[in-house]
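Written out below as structure tokens is the structure these notes cover.
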Amino acid sequence: MTDSKTSDTETADLETFRNETRAWLEANCPPEMRKPATSDADVFWGGRNAKFSSEPQRVWFERMRDKGWTVPDWPKEYGGGGLSAAEHKVLRAEMGRIGARPPLSSFGIWMLGPALLKYGNDAQKKEHLPKIAAGEIRWCQGYSEPNAGSDLASLQTRAESDGDDFVITGSKIWTSYANYADWIFCLVRTDPAAKKHDGISFILFDMTSKGVSTKPILLISGYSPFCETFFDGVRVPKSHVVGTVNRGWDVAKYLLQHERAMISGMGERGVGRPLGQIAADSVGSDALGRLDDSMLRGQIASFDVDEAALAACAERAVDLAKAGQAHPAFSSAMKYYGTELNKRRYEILMSAGGVDALEWESERSKQGARPRAWLRTKANSIEGGTSEVMLGIVAKRILDLPGA
Amino acid sequence: MALVLTEEQSMLRDSARGLISDKAPVSHLRHLRDSKDPTGFSKELWQSFAEMGFAGLLVPEEFGGSGLGFMEAGVVMEEIGRTLMPSPFLATSVIAASALNRGGNAAQKSEYLPKIASGSLLATLAIDEGAKHRPLQTSLQAVRAGNGFKLSGAKALVVDGHVADLFIVAARTAGAAGEREGLTLFLVNPAAKGVAIERTIMVDAHNAARIDFANVEVTADSVLGEVDQGAALLDGVLDIGRGAVAAEMVGLSDEVFGRTVEYLKNRKQFGKLIGEFQALQHRAAQLYVDIEITRAATMKALQALDADVAKAASAVAVAKARAGTTATRAVQEGVQMHGGMGMTDQFDIGFFMKRARVCEELFGDANYHTEQLARARGY
């Protein structure tokens, strides 16, 4: 099989890009940023009130931002790096090679950005995308409501037309970091008479608007990453609707695909120390260097097999999308497996840690970092669509099984 | 390198699928089994395979082959898995061809590879001795005698053993069972004095044999690779075989799954299509996800083999372990969801279950490969 001339040139260009990227990362990524964040406080989320937890974190963020590499594949005009899919893959691989952490974590990058790029109008893209890329505005997601969880489309938050504005009243729940967010992307009901999927709009507004309030929810991990969010007659210009009024479900679903891809990514880290070695710290090894708990060792090895296989599948999903062969619902399959796998990882970590993994409040345990992280993972298979909802989507949309 | 088939690979798949589904649907295997066919595969079909360039797919062009890679071999294996076609492709064209190409000297290559490519020579690797795949436990003895060696011992699960024209035998020239040092591969003529071949009819109705070696004399020219240093060559060849079997299992799993989903869409009970029941929908969806992940892991392994056989061990272990658990799950769910029909011999689904069981044992089962990964990762 022979490659065409063009693909030879492309391959050569890609190699040049790889070499340049490797050299740039070597020179610019501070050593402290070449390991995973140890806690959520160590992650940089951006926003109006953002503070850097360390000097290396600031340096790393600013250098990456200046290259457009907080959002490497977004167009340059919106503050992105303008990289092709192939170049983006190279950058990810090179960052992975040295263990470089993402310079900026943001729902704007993972969720809203892709939806705005597809559905936003020119003014909306110019207004919001550069601020996401530069970490200036921190976003939160107003999707779930107390009575609209898995059945998201039954949401009841009302947006009533009043001249050039909508007036929004209702409440959201599980709004991640709403108490830190500057703006919200929100699903609201603009036509209560229409069928449930047909009367929803996707709208953006400032969290400092009059009538918005938030209340953190204390979770089993002892943390409050989620909030209840209340809207009491919040006035929002109609120009803030993304896409068409009453067609917000299309935007919502598209965004959910990205959200699910993001959550499934939580399961395939492959960075940091191998699970088997972490376990060896507490359970010890035998004379042959094998974990001194053969059943646990077997569980870890099975986990490693599945994790490596999932990583291959995630890579293939990107390649399929690039080749135009991806099924749009495939992110549901990945979300299901990735989140279940991440729960398995933490069950193993708890078992491996034994008594040491049970301490909740001590310096020694970093304030119970492991048990709190373990409890946090239980939300993975609930948030962004439960595992059961994901399996239902796979069954109906990919396998075309008859409706129940 | 993207984990999707190139245009050329898709064309290869289509032509393999065309030939195999036309000439060798599952009824072909059924006929070979029921008629107790002495060869166990169709020689005519093997000739067609050779004419289409499949027999010599991995054989370099200078020896009359197509000079393609393991990804392409995997494409063909996946199609073989879909209809369970009994074929010398695995033993001869993938494993033996790789062993000769990687370990053979100029004379050995030019003697055997062109014949493999033309479809006129069948060859196979004789490795397993005990009930489970444990290559380092090889204890078949090869002792120096004059200018050559004398081989004594026994092999089992030798694929195509009773029809092969050439055996590649793993033997111990030094050291004790369990050691890496002291393994040597030999090329042995099945007609040589002292070779006793017993065809073993297996659960899957595919070819296998037990072979006894009683002071079988071979010349020094029969050594493939280097004396005592065969472990590295063997590792590579086995990994290539494992990657190929994993691809066969992906094809098998995907086919069983497709048939099962079709059944869910047609079978009615309680006044409903059974595919409407959420209990079955979720299990089908889980199986789909498992198969897609295993497919990706298998492509990754074949790609790793193409890049560097010596560095592909972990990717291959992941693929073969996943392929084992996935295929096992696919055939079990396949039989269960077909209900009583799945238990009948008349229905094809049982053939898939039987073949999956043999593929799982071939060159190491899921437990074996999971263990290998744990060792490679140092815990």
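So you know, we letter chains A, B, ... as the sequences are listed, proteins then strands, and number each from 1.
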Worksheet item: Judged by modelled atom types alone, do Gln286(B) and Tyr337(A) share a side-chain donor-acceptor pair under 3.5 Å?
Response: no
Heavy-atom proximity to chain A below 4.5 Å, by part of [X]:
X: Ile293(B); answer: both
X: Arg375(B); answer: both
X: Asp290(B); answer: side chain

Practice prompt. Under 4.5 Å, counting heavy-atom pairs only, tell me which of Gln303(B), Gln372(B), Glu292(B) racks up the most with chain A.
Written response: Glu292(B)
Item to complete: Identify which of His369(B), Arg322(B), Glu371(B) forms the greatest number of heavy-atom pairs closer than 4.5 Å to chain A.
Response: Arg322(B)
Worksheet item: Taking it one step at a time, do Tyr379(B) and Arg297(A) satisfy side chain to side chain contact (heavy atoms under 4.5 Å, CB included)?
Response: CA-CA 8 Å; Tyr379(B) 60 84; Arg297(A) 180 171 179 268; 4.1 Å; yes
Is chain B contacted by the side chain of [X], its backbone, both, or neither, given a heavy-atom distance below 4.5 Å?
X: Ile398(A); value: side chain
X: Lys322(A); value: neither
X: Ala280(A); value: neither

Fill in: Max heavy-atom pair count under 4.5 Å with chain B, selected residue of Leu275(A), Val318(A), Asp304(A)
Asp304(A)
Worksheet item: Quick one: of Asp286(A), Ile393(A), Asp306(A), who has the most non-hydrogen atom pairs under 4.5 Å with chain B?
Response: Asp306(A)
